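Please read these numbers as outputs of a predicted model, since none were measured by experiment. Every chain is numbered from 1 and lettered A, B, ... according to where its sequence line falls, protein lines coming before strand lines.
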Amino acid sequence: MALITKRHLARDALDVAHDLLGAEFRRGAVRLKITEVEAYRWPDSACHGCHGRTRRNKTIWGPPGRAYVYLCYGLHQLLNVVTLRDGVPNAVLIRACEPVAGLSVIRRRRGGKSGPVLLTGPGKVGAALDLGRRFDGHDLTQPGGLELHRGAPPAAVLRGPRIGIGYAEEQDLRAPWRLAAADTPWVSHRASLRSSALPLP
DNA sequence: ACAAGGATCCTCT
DNA sequence: GAGGATCCTTGTT
């Protein structure tokens, strides 16, 4: 498998989100296959960049291919892949993964749990990779530390509205920019997902 | 210096 | 499905 190129990530977050399903994060012994993502775009009232650039969110405004890691609710480290181009806030949030390798390390970092509860939620992914703000701005397209590799895409994709963005405007609240692999139990909030061929809930 | 709120998780019922 | 935990980041005084 090969690292995903910066050029591949230099597109709109929704396009990149489709391609990231099946891709793989690697850090040391831990390898995680991406099963669920959300696109945050521009303009988009749910995107962290929508109120301008701050010290916390500056990475999402930067060039594609970097990790945007931020602290949510004071305790969860959430991982995004920055997309599109420098100067526009655009990113893909990693919401869930399936373990490929390093299960014992993952379980230890997640309180000894097992099954999909290990990795179905963005804060859980951050915990399993032991992320922190020191990874904010890390280049995922270069070898070393945290890496993003290509992988086989899922046979079918589910889509639905994004989770936890009640503060957003109506149109963005309903936009079907959450994507998940259809052929895996490693997905959160299944109830609001539909086959991409069917109308939304 | 202070108050408000958040791209969540876990434990119940 | 609902509610509390938890504490950093931000904008305002």
Of the listed dT10(C), dA7(B), dT8(B), the closest approach to the Leu93(A) side chain comes from dA7(B)
Winner on side-chain proximity to Thr54(A), out of dG6(B), dC9(B), dT10(C), is dT10(C)
[X] [atom1] - [N] [atom2] separation (whole Å):
| X | N | atom1 | atom2 | answer |
| --- | --- | --- | --- | --- |
| Arg53(A) | dT10(C) | CZ | C1' | 17 Å |
| Tyr70(A) | dC7(C) | OH | P | 18 Å |
| Asn57(A) | dG5(B) | CG | P | 19 Å |
| Leu131(A) | dT8(B) | CG | P | 16 Å |
| Ile94(A) | dT8(B) | CD1 | P | 14 Å |
| Ile163(A) | dG6(B) | CD1 | P | 16 Å |

| task | Measure up the Tyr68(A) and Tyr70(A) rings against each other and bin them: parallel (under 30°), tilted (30 to 60°), perpendicular (over 60°). | result | parallel
Interatomic distance, CG@Leu131(A) vs CD1@Ile94(A), rounded to 0.5 Å, equals 10.5 Å
Q.
Is it the case that atom CZ in Arg85(A) sees more than 12 heavy atoms from other parts of the structure closer than 6.0 Å?
A. no
Is it the case that over 12 heavy atoms from other parts of the model lie below 6.0 angstrom from the NZ atom of Lys124(A)?
yes
Quiz item: Would you say Arg110(A) reaches dC9(B)'s phosphate, i.e. side-chain N/O to OP1/OP2 under 4.0 Å?
Solution: no
- Message: When you measure from the side-chain N and O atoms of Lys124(A) to the phosphate of dC10(B), is any distance below 4.0 Å, counting only OP1 and OP2?
- Response: yes
* To do: Report which part of the nucleic acid Leu71(A) touches: base, sugar-phosphate, or nothing (heavy-atom distance under 4.0 Å, all strands).
  => sugar-phosphate
What is the nucleic acid contact for Leu75(A), judged by heavy atoms within less than 4.0 Å: base, sugar-phosphate only, or nothing?
base
* Asked: Any sub-3.5 Å donor-acceptor pair from Arg178(A)'s side-chain atoms to Ala175(A)'s backbone N or O?
  -> no
Heavy-atom nearest nucleotide on DNA chain C taken for His51(A) and for His76(A); more 5' hit belongs to His76(A)
Item to complete: Indicate whether Tyr167(A) forms a stack on dG6(B); treat it as stacked only if centroid distance is below 5.5 angstrom and interplanar angle below 30 degrees.
Response: no
List the steps and the verdict of side-chain hydrogen bond (donor to acceptor under 3.5 Å, both in side chains) for Glu36(A) and Ser188(A).
CA-CA 8 Å; Glu36(A) 180 185 344; Ser188(A) 73; 3.0 Å; yes
Residue set satisfying salt bridge (charged side-chain N to carboxylate O under 4.0 Å, His left out) with Asp172(A), at least two apart, ordered chain then number -> none
Writing each nucleotide of DNA chain B 5' to 3' as (, ), [, ], | or . by Watson-Crick or G-U pairing under 3.5 Å yields ||||||.|||||.
